[in-house]
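One-based numbering, in listed order, for ligands and for the atoms of each. Residue indices begin at 1 and follow the sequence shown. No experiment lies behind these values; they were computed from the predicted model shown.
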Amino acid sequence: MDTSSAFDPRDFRKALSMFATGVTIVTTRGGDGAAVGMTANSFNSVSLDPPMVLWSLAKSARSLPAFSAARYWNVHVLASGQDALSNRFARAGEDKFAGLALDDCATGAPLLPGCSARFQCRSAFQYEGGDHVIFVGEVVGYDRSDLAPLLYVSGQYAVAAHMAEPPRAGAAPQAGAFSEDMLGYLLGRAHYQFMARFRPLLAEKRITDPEFFLLSLLSVRQPLAPAEIAAHMADTGFETGEPALAAACARGLLRRDDDGYRLSAAGSDTILHILAAAKAVEADLDGRIGAPQGSALRRLLKTLVAASDQGLPSLWA
Ligand SMILES: Cc1cc2nc3c(=O)[nH]c(=O)nc-3n(C[C@H](O)[C@H](O)[C@H](O)COP(=O)(O)O)c2cc1C
């Protein structure tokens, strides 16, 4: 059946990209012994007994002759922090292995460190697959780590986030009570736990929560007129009228100029200290949840911020 003109190629690719995959780098040695490798998400398991895997390579790929002739190749399932490595091996025409330390491998094929899993394969079969060649290999060795895998879906890298656990049997939330899966509860608790880490510094500097928000706002954008301050802080529930601003000036945190309110030198110094403490807390938490999860979380929170926005003026535009 000739389907070459039946599909819009871009749309077809888009449809295929809805299938989420991991990302691998497949490596081998050329006839001259040079290391060869390329990024592939067409990897899949085939058979458990005997253990076999497959992946497919574009006939236009520069590495095709090397893989066609190779007796052995290695498949590296990339970890979530290896997106830059994936990009490097997806670009033609650069020395992909420059500066990379390789692990020893009995088959002689290049073995990259720091992956979620690695499969050492003997090339078993090659099949015609349209504009690709399908390689099937017998797995002669493998190893794995606890590193979370890198994912690829709709043309973008992603990290795996497991769905929320279904509620435990018999743990149905009581009507009229907060449940542990309520978004509001989770956001509120995370917020307070985050703030608790640098609250001693706020106390030491005698900065109240409304003052903290006010100083943070002006550290991003100043000067701001009273109406602008009120608009930016509208959803905080804090009093931001002229008396509160005058009080902050009297405490030496702000200065009122003709064009609006600015941080005073002391206010600027105070918020810099607090910001440094908040950033240290953030770095610690990023380390605990893992940078890729942190990046996925930021993206989800931005979606939530956009979905819950009731028209705040944009701060960073
Ligand atoms: C996430 C991702 C997955 C890819 N998967 C494949 C694949 O399965 N097969 C393929 O031929 N090319 C795939 N590519 C493109 C190749 O990595 C790219 O064309 C590379 O330059 C080929 O290297 P070479 O020309 O040196 O052989 C993929 C690229 C990316 C970014």
I need the atoms of ligand 1 closer than 4.0 Å to a non-hydrogen atom of Leu57, numbered in the order shown.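 Those atoms are 11 (O).
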What are the atoms of ligand 1, with element, lying closer than 4.0 Å to any heavy atom of Ala58?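 In order of number, 10 (C), 11 (O).
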Tell me whether Leu112 is reachable from Tyr142 by hopping between hydrophobic residues (I, L, V, M, F, W, Y) whose side-chain heavy atoms are closer than 4.5 Å.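 No, separate clusters.
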Out of Gln156, Lys96, His132, who gets a non-hydrogen atom closest to atom 23 (O) of ligand 1?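 Looking at heavy atoms only, Lys96 sits closest to atom 23 (O) of ligand 1.
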Among Ile25, Asn41, Leu64, whose heavy atom sits nearest atom 5 (N) of ligand 1?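 Closest candidate by heavy-atom distance is Asn41.
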Decide yes or no on ring pair (Phe, Tyr, Trp, His ring centres under 6.0 Å) for Phe119 and Phe43, but give the supporting numbers first. CA-CA 11 Å; Phe119 299 93; Phe43 172 74; 5.8 Å; yes
Determine, using heavy atoms of Tyr152 and all atoms of ligand 1, whether some pair is separated by less than 4.0 Å.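 Per 4.0 Å heavy-atom rule, Tyr152 contacts ligand 1.
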If the plane angle is over 60° it's perpendicular, under 30° parallel, otherwise tilted; pick one for Phe135 and Trp73.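 Taking Trp73 first and then Phe135, their aromatic rings stand perpendicular (interplane angle over 60°).
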Classify the angle between the aromatic ring planes of Trp55 and Phe67 as parallel (below 30°), tilted (30 to 60°) or perpendicular (above 60°).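 Trp55 and Phe67: perpendicular rings.
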Mind checking whether Val75 and Arg118 have side chains closer than 4.5 Å, heavy atoms only?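 SC-SC contact between Val75 and Arg118 ruled out.
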Looking only at distances, please establish whether an N/O atom of ligand 1 is found under 3.5 Å from an N/O atom of Ala90.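 In this structure, Ala90 places an N or O atom under 3.5 Å from an N or O of ligand 1.
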Are any of the N or O atoms of Ser86 closer than 3.5 Å to those of ligand 1?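 For ligand 1, there is no N or O atom that lies under 3.5 Å from one belonging to Ser86.
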For residues Ile229 and Leu224, report the shortest heavy-atom separation together with the two atoms involved.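 Scanning both residues, the minimum pair turns out to be CG1-CB, 3.7 Å.
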Run the numbers on Phe212 and Phe238 for ring pair (Phe, Tyr, Trp, His ring centres under 6.0 Å), then give the verdict. CA-CA 11 Å; Phe212 168 61; Phe238 291 129; 9.8 Å; no
Could you tell me the residue and atom name of the protein heavy atom closest to [atom], and the distance to it rounded to 0.1 Å?
atom                    : result
atom 10 (C) of ligand 1 : Met38 CE, 3.4 Å
atom 8 (O) of ligand 1  : Ser42 OG, 2.6 Å
atom 13 (C) of ligand 1 : Thr39 O, 3.3 Å

Main-chain N/O of Pro210 paired to Thr236 side chain as donor or acceptor, under 3.5 Å: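 Answer holds: no.
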Specify side chain, backbone, both or neither for Ser60, according to which of its non-hydrogen atoms lie closer than 4.0 Å to ligand 1.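 Neither part.
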